[in-house]
Amino acid sequence: MATSLRRFGRLALISRNWSGRGFSTSPSGEINSYSNIQQSEGKSINLFSAINQALHIALETDPRSYVFGEDVGFGGVFRCTTGLADRFGKHRVFNTPLCEQGIVGFAVGLAAMGNRAIAEIQFADYIYPAFDQIVNEAAKFRYRSGNQFNCGGLTIRAPYGAVGHGGHYHSQSPEAFFCHVPGIKVVIPRSPRQAKGLLLSCIRDPNPVVFFEPKWLYRLAVEEVPEDDYMLPLSESEIIQEGSDITLVGWGAQLSIMEQACIEAEKDGISCELIDLKTLIPWDKETVETSVRKTGRLLISHEAPVTGGFGAEISASIVERCFLRLEAPVARICGLDTPLSTCFRTLLYAHQEQDIGCNQVNNKLLAILLL
Amino acid sequence: MALTHRSSNLLRPFTTAVFSSTPSLRRPFSSSADDTTTITIETSVPFTGHKCDPPSRSVETSPKELMTFFRDMAKMRRMEIAADSLYKAKLIRGFCHLYDGQEAVAVGMEAAITKKDCIITAYRDHCIYLGRGGTLLECFSELMGRQGGCSKGKGGSMHFYKKDSGFYGGHGIVGAQVPLGCGLAFAQKYSKDETVSFALYGDGAANQGQLFEALNMAALWDLPAILVCENNHYGMGTAEWRAAKSPAYYKRGDYVPGLKVDGMDALAVKQACKFAKEHALKNGPIILEMDTYRYHGHSMSDPGSTYRTRDEISGVRQERDPVERIRKLILSHELATEKELKDIEKEVRKEVDEAIAQAKESPMPDPSELFTNVYVKGYGVEAFGADRKEVRAVLP
């Protein structure tokens, strides 16, 4: 099995026909590389439909893939799994009882038998009962068995982040907890096109992956998404916008805020380089480093509380690598160190309330940084 | 003067139910709330026990209690309907889970216990809070995230608490409150004050692992913990039988005794909770499965009609509704007239409207409250704003 795992690795991006069976069952036919998909036209769809497409393809292309979780049989609370049970049957797409630890533990076992287990945790806030299974079972399975066993086929999908009125248990961004665990990957897409390509990569990646979906963008983000089977590389970040004065790093829903901030900053004559990290662990240090070497400044932004967030890790790494090139301290503009109460939504998620523009806040801070 | 009154199965439509009142029961309405009168009513559905002898079906009550049940449940019902409208008017934000249909559990449980007994529940907590003596004003203020709310507006719909009457609150994560309930019970056993803890959870939560962990500890140490499964038959959109191999939740404790109760009958709930409290103080934990029903969907984002038929909902409303059941009992015992009951409902409606109007006047929490209560005061913990530069506060 180890051989077949290696075969499938990161090479998946290169167009190639897969033939062998085994664990690394590949998408049928050609797999587009990213340069191809940028040209290929697709329908305009929103993020949950893109996820839905990816799951259709994943189930279609690998008969040993399964989708399960709370209410997924009915399409899920965010409609990401709509139509899957009808198309692929209740033996491959099914509801689980309400037991997150059980769901993930079950998924680890299923994946250990060479299957692709695509588990859904209904909200990222509910993932904590499964934390033990992810950290202690999934992440260390390969290592502690001396590579005899693994659960590489495991992908855990969970909607994360604030929707303004989510409150304490429907708003959290727990990505940093998982970035502290060697053995798993953490991936967060920013848009429908990204979501589809990255999710397919995660599902086919031979490592267990936690895939957080920005629930704020499920319906909001719409873009043209190719209908065919394509994958986007993991651990490769993307420069969304080139600039010369400051590097901005973010992921997921926060990028849409940062994009606006870039536009506002442009008006003040500040040229921003915006980077989507996409994979948080293992992350693409080189792209960020190159960018910071060019601009001399770095700002990291995420929704999760600022203290101990993944921004801290990026900040530390870049200071190590680019200390002499930095013209200002690395800035972090992140969530507050508080729980997420609905009554404070206008303060916590200014960007999602139409009356207040968060970009004003961000730009003010940007301006301070540049002075 | 104990009068035994046997009613036929209340599950049948009212028209077929036979209520034979003896002439001696007919009293002027004005004296209907006579404390000294005891009425014995038989529950329509017998209790089913698991490893315990079920209590008697004959429940003693009084005219006063029945009238209180009616008023309280009518108030709960009205409050939830109003919350529904407020949510749709976007005055309540976030998640909101309504209790209408399940009122008998909240009311019946309170009737059997004291405020020194503890209750801990999940997120469907509005009416439990009201039952523990909370006010409508605090309810609506909390729902709308105002300072006047029972959690100062910082909790919202899912997080109601009332410490002075032993309500340990609404908890957001499915099943997480049950081990807490066992912790409460341990403290109670330790203090030897003859009180018990009720840990409420739904049929969805019944499949969570921590529930069984908690149950084992409770049984191992003979804790006065009563696990109350409010079985409304759907965990979100999933019918109980799709999620549980054995939907007989009262038996799920295996070595822990259980009791299945008609959760739509406040009197049956009262009898069961009384029985459970006695049992728990003597023998340790027990599971009560309340067979109940929620009329609304799981939360406000669930119309509640995709996974069950409208006929099913209206059937329960017609045949098992907890408020109507008490109304029928009151009328059959001639404790009040139909008009008097209608008047009570009107009063309740007015109370609710007034509470909403008042709650709207309550200000939103001050922004400084963002950082309070994260840690205990005075420990010098630093918290940061969005940038770790401009906003940096030693937590108040």
Side-chain angles (χ1 to χ4, degrees), chain A residues 70-71 73-78 94-102 105 122-123 125-126 128-129 163-171 299 301 305-307 309 311-312 315 329 331-348 350 358 361-362 364-366 368-369, chain B residues 90 92-95 123 142 144-147 149 151-159 171-176 202-210 235-238 242-245 301-302 306-307 364-365 367 369-374 381-391 393 395:
Chain A
E70 290 155 15
D71 293 310
F74 310 127
V77 288
F78 292 107
F94 48 90
N95 287 335
T96 61
L98 234 161
C99 49
E100 291 77 13
Q101 188 172 18
Q122 201 160 60
F123 283 87
D125 312 59
Y126 306 167
Y128 304 114
V163 284
H165 58 271
H168 296 291
Y169 297 116
H170 297 85
S171 305
L299 182 151
S301 184
V306 62
T307 303
S315 170
R332 281 182 278 162
I333 299 188
C334 308
L336 276 58
D337 290 339
T338 69
L340 302 163
S341 184
T342 311
C343 69
F344 291 121
R345 63 189 178 278
T346 47
L347 288 169
L348 291 166
C358 178
V361 181
N362 276 348
K364 197 173 131 209
L365 294 164
L366 246 176
I368 290 165
L369 185 79
Chain B
K90 296 203 167 185
I92 297 173
R93 302 304 303 270
F95 283 73
Y123 38 76
E142 191 59 44
M144 291 191 274
R146 312 295 173 123
Q147 276 180 18
S151 308
K152 297 182 196 160
K154 291 164 86 171
S157 160
M158 304 204 283
H159 311 287
H171 293 254
I173 299 297
V174 169
D203 49 301
N207 302 313
Q208 279 276 357
Q210 49 186 333
M236 294 190 67
T238 306
R242 290 179 190 272
K245 180 68 186 172
S301 46
D302 167 21
T306 49
Y307 47 86
M364 300 298 282
E369 288 282 329
L370 245 177
F371 291 101
T372 61
N373 311 130
V374 182
V381 181
E382 272 187 318
F384 293 91
D387 66 331
R388 279 183 83 90
K389 288 187 178 63
E390 271 204 336
V391 182
L395 289 180

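Every chain is numbered from 1 and lettered A, B, ... according to where its sequence line falls, protein lines coming before strand lines.
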Do you know which of Met364(B), Gln210(B), Glu369(B) has the most heavy-atom pairs with chain A at a distance under 4.5 angstrom? Glu369(B)
Value rounded to 0.5 Å, distance of CG in Asn373(B) from OG1 in Thr338(A): 11.5 Å
What are the two closest non-hydrogen atoms of Phe344(A) and Pro367(B), and how far apart are they? CE2-CA, 4.2 Å
State, to 0.1 Å, how close Met236(B) and Val77(A) come at their nearest heavy-atom pair, and which atoms those are. CE-CG1, 3.5 Å
Is chain A contacted by the side chain of Met158(B), its backbone, both, or neither, given a heavy-atom distance below 4.5 Å? side chain
In terms of heavy-atom proximity below 4.5 Å to chain B, should Glu100(A) be classed as side chain, backbone, both, or neither? both
All heavy atoms of Ile173(B) vs all of Asp125(A), minimum pair found to be CD1-O, 3.8 Å
Compare every heavy atom of Asn95(A) with every heavy atom of Thr238(B), then report the nearest pair and how far apart it is. OG1-ND2, 4.2 Å
Counterpart residues, side chain to side chain contact (heavy atoms under 4.5 Å, CB included), relative to Ala244(B) (two or more places apart): Asn207(B), Tyr249(B), Arg252(B)
So, for Cys343(A) and Gly153(B), which heavy atoms are closest and what is the spacing to 0.1 Å? SG-O, 3.1 Å
According to the interplanar angle, ranging from 0 to 90°, do the rings of His159(B) and His168(A) count as parallel (below 30°), tilted (30 to 60°) or perpendicular (above 60°)? perpendicular
From the list Gly209(B), Gly155(B), Gly149(B), the residue making the most non-hydrogen contacts under 4.5 Å with chain A is Gly155(B)
How close do Val374(B) and Pro339(A) get, counting heavy atoms only, and between which atoms? CG2-CD, 4.0 Å
Can you list everything that forms a side chain to side chain contact (heavy atoms under 4.5 Å, CB included) with Thr342(A)? Sequence neighbours excluded, please. His165(A), Arg345(A), Arg93(B)
Once rounded to the nearest 0.5 Å, what's the spacing between atom CZ of Phe94(A) and atom CZ of Arg242(B)? 14.5 Å
